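Take a look at the structure set out below.
Order of the sequence lines sets the chain letters (A, B, ...), proteins ahead of strands, with each chain counted from 1. Values in this document were obtained by computation on a predicted structure and should not be read as measured data.
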Amino acid sequence: MAAMKHGYEYWYWYDTEVPYEVWYAGKYPVRIQEIVSTGKLSKLEHFETDEKVRTVSLFGEVWGIGPATALKLYDKGHRTLDDLKNEDSLTNAQRLGLKYFDDIKTRIPRHEVQEMEQLLQKAAEEILPEVVVICGGSYRRGKASCGDMDIVITHPDGKRLINLPSSSSNIGFLRKYVKHLKDIKFLREDLIFSIHSEEDTDTGVDTYFGLCTYPGRELRHRIDLKVYPRDIYAFGLIAWTGNDVLNRSSPRPGRFRPSLEVSFRPCLKVSSYQSYALLPEESGTWELKVYAQKSYQSVTPHWVK
DNA sequence: CGGCTGTACTG
DNA sequence: CAGTAC
DNA sequence: GCCG
């Protein structure tokens with residue numbers, strides 16, 4: 001019953017949009033015919049009511065627990081989230097995911113996200129003047145409430161380390177920023193913390209995943225902080241504004257993949273298999289547009305006056 | 001013409 | 001490396 | 001339907 005991550009069953013169960021059906025029609029003619037004609041699959045009729053299925057998917061909702069771990073926990077005899085609290089094989093992150101299960105699931109009203117974005121911007125400027133802090137994700141897509149906060153950070157001088165080792169304003173920023181946010185009790189628990197900008201081995205994106213609280217409250221929210229070098233910032237912002245379908249663009253036929261265009265010179269050709277391309281520094285101002293899901297998303301650098 | 005995002009952490 | 005997350 |  002477990003959904004295979006890379007197996008066709010996965011797509012077949014979880015995404016039955018027409019393009020898939022057409023695409024996979026050759027492989028699953030009978031089942032797909034039934035889905036197309038009746039809108040469902042009789043074989044899966046009792047799927048959601050099955051105890052094992054329900055329990056395993058509940059466990060899978062805990063941050064840090066995926067299908068494999070969820071299944072193992074079920075096989076060990078666990079049946080409720082309370083049971084899991086006594087399981088010593090859980091990782092630190094999974095413990096936190098469990099402890100704050102309800103908190104994390106609680107959606108954040110838009111106006112609170114807006115306040116926290118301002119708080120984050122102010123706190124960041126105290127450490128690094130002119131730093132740019134933007135809340136992406138569903139907030140930037142205009143939703144009335146958000147499940148978490150995706151914070152994308154850059155600095156006009158934040159060059160890529162491999163290009164300009166000594167003048168990278170983003171280097172070391174995240175470490176200080178996280179410490180400061182913990183001092184003021186905004187950040188509460190860490191899930192993942194990875195610093196790359198201090199070495200020259202990778203893309204130079206620093207990332208923090210953790211839990212935060214709205215000022216004066218104890219309710220935990222998921223928050224991601226990402227610090228981008230300026231030259232790939234636009235792509236970071238696009239990626240973390242999403243939505244998921246746009247970014248990961250799913251294994252769909254190419255016509256659904258995002259196509260990129262830059263409205264101001266130079267012309268930018270971005271391979272759909274490439275996660276980012278470089279924007280020339282000397283091009284003055286620019287706008288990056290992404291067309292996907294029948295609408296445009298655009299990015300302009302915030303430091304352009 | 002087959003194959004279908006890409007990358008990094010934790011343990 | 002497997003499992004997980006974005 | 002686009003990429004390698």
Side-chain angles (χ1 to χ4, degrees), chain A residues 2-8 10-12 15 17-27 56-57 59-75 87-98 104 135-141 146-153 174 178 189-199 201-211 221-228 232 235-260 269-277 290-292:
Chain A
M4 291 181 291
K5 193 177 175 190
H6 296 296
Y8 292 115
Y10 180 85
W11 306 113
Y12 162 65
D15 202 327
E17 291 178 45
V18 172
Y20 285 104
E21 292 158 7
V22 172
W23 191 28
Y24 290 125
K27 290 189 191 285
V56 169
S57 38
F59 291 174
E61 287 175 38
V62 176
W63 200 92
I65 299 182
T69 312
L71 198 52
K72 270 181 208 152
L73 292 168
Y74 181 89
D75 288 341
E87 172 62 44
D88 44 346
S89 71
L90 296 190
T91 65
N92 288 339
Q94 288 166 340
R95 284 220 159 67
L96 289 168
L98 188 58
I104 294 171
C135 188
S138 51
Y139 175 76
R140 192 157 181 270
R141 295 202 305 276
C146 309
D148 64 359
M149 288 194 289
D150 295 307
I151 308 297
V152 185
I153 301 167
L174 190 58
V178 166
E189 287 86 19
D190 306 334
L191 294 170
I192 288 178
F193 198 178
S194 75
I195 300 280
H196 287 116
S197 65
E198 293 167 8
E199 296 150 30
T201 48
D202 80 320
T203 55
V205 181
D206 290 346
T207 309
Y208 172 89
F209 297 164
L211 304 180
H221 298 302
R222 275 280 296 105
I223 185 167
D224 296 345
L225 309 174
K226 291 135 279 237
V227 180
Y228 277 78
I232 58 168
F235 300 94
L237 193 52
I238 288 282
W240 295 109
T241 298
N243 57 26
D244 287 8
V245 178
L246 187 157
N247 295 337
R248 303 199 248 283
S249 69
S250 40
R252 289 175 183 229
R255 67 200 144 97
F256 288 114
R257 290 176 181 280
S259 68
L260 302 186
K269 157 90 172 154
V270 178
S271 154
S272 50
Y273 285 114
Q274 205 74 47
S275 56
Y276 64 82
V290 174
Y291 181 78

Checking contacts here: which listed nucleotide (B/dG11, C/dG3, C/dC6) is nearest the side-chain heavy atoms of A/Ala68? C/dG3

Nearest to side-chain heavy atoms of A/Trp240, which nucleotide of C/dT4, C/dC6, B/dG11: C/dC6

Using distance alone, with no hydrogens and no angle criterion, decide if A/Tyr208 and A/Asp190 have a side-chain donor and acceptor under 3.5 Å apart. yes

Rounded to whole angstroms, how far apart are [atom1] on [X] and [atom2] on [N]?
X	N	atom1	atom2	value
A/Leu90	C/dT4	CG	C1'	14 Å
A/Ile192	C/dT4	CD1	P	13 Å
A/Tyr228	B/dT7	OH	P	12 Å
A/Phe209	B/dC9	CZ	P	10 Å

Between A/Arg222 and C/dC6, is there a contact of a side-chain N or O with OP1 or OP2 at under 4.0 Å? yes

N/O (side chain, A/Thr69) to phosphate O (OP1/OP2, C/dT4) under 4.0 Å: yes

Going by the rule side chain to side chain donor-acceptor pair (under 3.5 Å), which residues pair with A/Thr91 if we only count those two or more places apart in sequence or in a different chain? A/Gln94

Under the side chain to side chain donor-acceptor pair (under 3.5 Å) test, which residues partner A/Asp224, sequence neighbours left out? A/Arg222, A/Lys226

Measuring only the C1' atom in each nucleotide, how far is C/dC6 from B/dG3? A whole number of Å is fine. 24 Å

With P as the reference atom in both, quote the distance from C/dA5 to B/dC4 in angstrom, rounded to an integer. 22 Å

